[in-house]
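Below is one structure, written out as structure tokens, with a few remarks after it.
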Amino acid sequence: MELLPPHVSPESPRDSYLPLSSSHRSSSVNGTREPDGVTFFILQGLSSLGEKQMIFFVILLLGYIVILGGNSMVIFVTLTDPKLDSPMYFFLANLSFVDMVYTTTSIPKMLSGFLTNVSTISVPGCFLQIFFFIQLGITSRGILTVMAYDRYVAICNPLHYTSIMTRPVQLLLITGAWVFSAVCTLPANIMTWQRPYCGPNVVKHCWCDPSSVRQLVCADTSVDNIVSHSFAVVALLTSGVLILTSYVLIGVSLSRMAVTQRLKAFRTCAAHLTVVTISYSSASFVYISYRVGNFSPEVRIIVAVLYAALTPFLNPVIYSLRNKELKESITRTVSRFRSAAVSATKDVNTVS
């Protein structure tokens, strides 16, 4: 705990932890951290809200439970119900898995921070959190892009759908989403990791937010910011343009169909289109709020947290309500579990 002032103990309130002064800063050579530099970060979070942060803790905890439960149910039914053996549900199961891991990289640490006087994270742990948080966020949009392509093939080329969307092709598309997200994430993350951190060590966020961490670098980070923003724009525009192109082609194809066929085809796209709209609309709102809005740091953090949890929270809800086959499968699964529980209860009563 060499970065804490001598008069501060670990049991002291979070607000009493002070960043290093300039006298504590160590030298660095070739952009690498010296042994007496920062070895951990303090996550400030929403400590300024005092007791009110417990309200946010309860809301976030309930939301996280719904995220884990809803996405786990989607994965379970899509993998066990033979009626859902199609590429669309395979991609949906992958999206649900990514959403679960994506929220798990940040929410548990945030929740623990609400319950302790001080929330710390090691430097390697911080950069692992940055990498997986950004990489999984881009991966989810990559999978949404893959799902848009799947709908395009199903509607615009239905006679060749099964021959095109084979299992090897499905695996290749999912792998492509993961590789693309890693390529977009690694450069900026490696650059920030290699910068010198000699103090202060207080991250003004609930998790290791890249921009908040870069503010602690004891060097010029203008190149880091350019690289980070460039790859973020590439990731968002690439997925956004491909999704938009898919739906433009779908729209052209729908215009040539009869009304009944048009409605049936639209129903297969409704859930995915709703998720995409919410995802990109919320991303745009967060970007505008950060760049234009004159909000306090606490409001910015709350907006970022809600954005991170919104899409994973709504995905299983939207697909369950808008997809008839998935809704029926979940109903059958719940009925089976209920029947099994009733049978087990009866057996216990009979033995007693």
Side-chain angles (χ1 to χ4, degrees), residues 1-21 24-25 33 36-65 67-68 100-137 189 192-193 195 197-218 286 290 295-310 312-313:
M1 291 293 207
E2 67 273 20
L3 300 184
L4 303 182
H7 63 281
V8 178
S9 64
E11 292 77 17
S12 301
R14 188 180 321 187
D15 293 340
S16 64
Y17 284 85
L18 301 176
L20 290 176
S21 64
H24 288 80
R25 298 192 173 191
R33 288 184 300 277
D36 58 338
V38 170
T39 58
F40 67 93
F41 293 111
I42 299 173
L43 302 177
Q44 188 178 47
L46 297 172
S47 57
S48 60
L49 297 181
E51 295 181 356
K52 293 180 180 179
Q53 67 179 328
M54 292 308 298
I55 299 175
F56 194 67
F57 167 82
V58 173
I59 296 174
L60 190 60
L61 177 61
L62 294 177
Y64 185 53
I65 292 173
I67 290 171
L68 294 182
M100 290 174 60
V101 182
Y102 170 68
T103 52
T104 301
T105 61
S106 57
I107 291 182
K109 187 65 178 176
M110 284 189 283
L111 293 174
S112 65
F114 289 140
L115 300 177
T116 57
N117 288 330
V118 61
S119 178
T120 62
I121 186 171
S122 66
V123 171
C126 181
F127 282 95
L128 280 175
Q129 186 182 61
I130 290 175
F131 172 78
F132 284 113
F133 184 80
I134 299 176
Q135 192 256 348
L136 290 167
N189 200 42
T192 308
W193 159 258
R195 294 300 186 187
Y197 293 88
C198 45
N201 66 329
V202 179
V203 179
K204 297 180 180 180
H205 212 284
C206 286
W207 67 78
C208 285
D209 173 67
S211 60
S212 300
V213 173
R214 275 196 294 271
Q215 293 177 2
L216 306 179
V217 175
C218 302
V286 171
Y290 267 70
F295 299 119
S296 65
E298 292 78 15
V299 173
R300 290 174 182 263
I301 292 175
I302 292 174
V303 169
V305 172
L306 293 178
Y307 162 71
L310 179 63
F313 177 86

What's the shortest heavy-atom distance between [X] and [Y], and which atoms?
X      : Y      : value
Gly45  : Cys206 : CA-SG, 3.7 Å
Ala308 : Thr103 : O-CG2, 4.1 Å
Ile302 : Leu46  : CG1-CD1, 4.1 Å
Pro108 : Tyr64  : CG-OH, 3.6 Å

Does any part of the side chain of [Y], heavy atoms only, come nearer than 4.5 Å to the side chain of [X], both counted from C-beta?
X      : Y      : value
Leu115 : Met54  : yes
Val213 : Ile130 : yes
Thr39  : Tyr197 : no
Ile301 : Asp209 : no
Val203 : Leu216 : yes
Thr105 : Leu136 : yes

Could you grab the distance from atom [atom1] of [X] to atom [atom2] of [Y], nearest 0.5 Å is fine?
X      : Y      : atom1 : atom2 : answer
Leu60  : Phe114 : CG    : CZ    : 6.0 Å
Asn189 : Phe132 : CG    : CZ    : 10.0 Å
Ser119 : Gln44  : OG    : CD    : 11.5 Å
Phe56  : Leu61  : CZ    : CG    : 12.0 Å
Asn201 : Thr120 : CG    : OG1   : 9.5 Å
Met100 : Leu68  : CE    : CG    : 5.0 Å

* If you draw a 6.0 Å radius around CZ in Phe313, do more than 12 non-hydrogen atoms from other residues or ligands fall strictly inside? ->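 Open.
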* Asked: Sequence neighbours excluded, which residues qualify as side chain to side chain contact (heavy atoms under 4.5 Å, CB included) partners of Ile121?
  ->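 Residues passing side chain to side chain contact (heavy atoms under 4.5 Å, CB included) with Ile121: Phe41, Leu43, Lys109, Cys126, Gln129, Cys208.
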* Counterpart residues, ring-ring contact (aromatic ring centres under 6.0 Å, His included), relative to Phe133 (two or more places apart) ->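 ring-ring contact (aromatic ring centres under 6.0 Å, His included) list for Phe133, sorted by chain: Tyr102, Trp207.
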